[in-house]
Protein chains: 2
Amino acid sequence: MLTLPELREKCRQRGVKLTPQRIAIFECLIQHAGHPSAEEVYQEVLARYPTLSCATVYNTLELLAELGEVREVIVDELRRRYDANVEPHQHAVCRQCHRIMDVEVDAATALRQTDLQTYGFAVEAVTVQFTGLCAPCAAAAA
Amino acid sequence: MLTLPELREKCRQRGVKLTPQRIAIFECLIQHAGHPSAEEVYQEVLARYPTLSCATVYNTLELLAELGEVREVIVDELRRRYDANVEPHQHAVCRQCHRIMDVEVDAATALRQTDLQTYGFAVEAVTVQFTGLCAPCAAAAA
DNA sequence: ATCGCTGCAAACGGTTTGCAACCTG
DNA sequence: CAGGTTGCAAACCGTTTGCAGCGAT
């Protein structure tokens, strides 16, 4: 989870401008633990910037991902989600309520050293995702 | 990889009709190792059934997934892809050409026993995905 | 004859694009 | 002051929906 001064520095290095909109979107992501979609970010920041356009949100999210400030999360084919937690971790996705939970599993960490040379594939990143039922949904089902 | 007679039997049990379109879509998936999208399946089967509609393709792919004959593969947020290989395995996705390769990794197999009780999460399935460069793209880059 | 399946066309929802006006560095 | 950024609106693309007609049991 990076801070605003760090973001400011990164923007300066990259020569991109740190506009109020970008700051607002970044802060929204930091405060939002729930892996929001672009649309959700748009709706939240819209309250502060009534003229905000969705194009700006998409541009900014892409920029933040390039800077390594946020991670794109793909759990379904419909929409991209964003995670301000850029530390190595995995996701547990509830098949009922579709909530996404950050988890940390040792066995998954070991996977990062996986060698796929026999397949002629150079691994750069590993994604692990668990699907199942979160506690509230498991309780509701019983 | 299931066979047509097995599919026929499953359909009979479920009480759904095995139409020529469904057979054609199923065969397309079996022959197609490249994890095709619905659109790609549609285009290929269209050659044999010029009146085929995309709705039928989507319906059939959903049905086949329910029957356990194919697996849905989510590698990007744009489109759903389908895999006729329903055996446990992982995917290696090339960030350059976006090709999807089936791989099998022991360490990933071990992940299936992961216990997320401390998170209050009941694991039902685990997905592992490697991102990197396939051999042709790595060669082209060098 | 019934009930499910198909084909068609329109709707839908997230994302992208082009461009003129604007504002940051 | 220049060039990146914004806002707007329309386009895009994969997917879904409603419905009339068809076909298998």
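In what follows, chains carry the letters A, B, and so on, assigned in the order in which the sequence lines appear, proteins first and then strands, with residues in each chain numbered from 1.
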**Q** Is a side-chain N or O of A:Arg80 found less than 3.5 angstrom from the main chain of A:Glu72, in a donor-acceptor match?
**A**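 Checked: no pair found.
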**Q** Round to a whole Å and report the spacing from CD of B:Glu62 to P of D:dT16.
**A** 7 Å
**Q** Quick check on DNA chain C: between B:Gln21 and A:Thr19, whose nearest nucleotide comes earlier from the 5' end?
**A** B:Gln21
**Q** Looking at A:Thr51, I'd like to know whether one of its side-chain N or O atoms comes within less than 4.0 Å of OP1 or OP2 on D:dG7.
**A** yes
**Q** Could I get the full list of side-chain hydrogen bond (donor to acceptor under 3.5 Å, both in side chains) partners for B:Arg95, not counting sequence neighbours?
**A**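 With sequence neighbours excluded, B:Arg95 shows a side-chain hydrogen bond (donor to acceptor under 3.5 Å, both in side chains) to A:Glu124, given in chain and number order.
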**Q** Whole angstroms only, please: what is the CG-P distance between B:Leu18 and D:dG23?
**A**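 In whole Å, D:dG23 P lies 17 Å from B:Leu18 CG.
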**Q** If you compare every side-chain N and O of B:Tyr58 against the phosphate oxygens of D:dT16 (OP1, OP2), does one of them come in below 4.0 Å?
**A**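 Answer is no, no contact under 4.0 Å.
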**Q** Within the structure shown, what part of the strands sits under 4.0 Å from B:Arg80 by heavy-atom distance: base, sugar-phosphate, or nothing?
**A**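 Sugar-phosphate: the residue B:Arg80, judged by heavy atoms under 4.0 Å, touches backbone atoms but no base.
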**Q** Within a 6.0 Å radius of atom CG on A:Asp115, are there more than 12 heavy atoms belonging to other residues, nucleotides or ligands?
**A**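 Counting other residues, nucleotides and ligands, CG of A:Asp115 exceeds 12 neighbours.
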**Q** Surrounding CZ of A:Arg112 (heavy atoms of other residues, nucleotides or ligands, distance under 6.0 Å), is the total greater than 12?
**A** yes
**Q** In whole angstrom, give the distance that lies between atom CZ of A:Arg79 and atom P of D:dT15.
**A** 14 Å
**Q** In whole Å, what is the span from the CG atom of A:Leu78 to the P atom of D:dT16?
**A** 7 Å
**Q** Describe, as an angle rounded to 10 degrees, how the axis at the first end of the helix from C:dA1-D:dT25 to C:dG25-D:dC1 is tilted relative to the axis at the last end, five pairs per end.
**A**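 Roughly 40°, once rounded to the nearest ten degrees.
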**Q** Evaluate A:Asp102 against A:His35 for side chain to side chain donor-acceptor pair (under 3.5 Å), listing each step before the verdict.
**A** CA-CA 9 Å; A:Asp102 284 2; A:His35 309 80; 2.7 Å; yes
**Q** Donor-acceptor check, side chain of A:Asp76 to backbone of A:Arg79, threshold 3.5 angstrom: yes or no?
**A**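 The answer is yes, because a donor-acceptor pair under 3.5 Å joins these two groups.
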**Q** With a strict under 4.0 Å distance from non-hydrogen atoms of chain A, what nucleotide opens and what nucleotide closes the contacted stretch of DNA chain C, reading 5' to 3'?
**A**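 Going 5' to 3' along DNA chain C, contacts run C:dG14 to C:dG25.
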**Q** A:Ser53 has a side chain; which of D:dT15, D:dG23, D:dG7 sits nearest to it?
**A** D:dG7
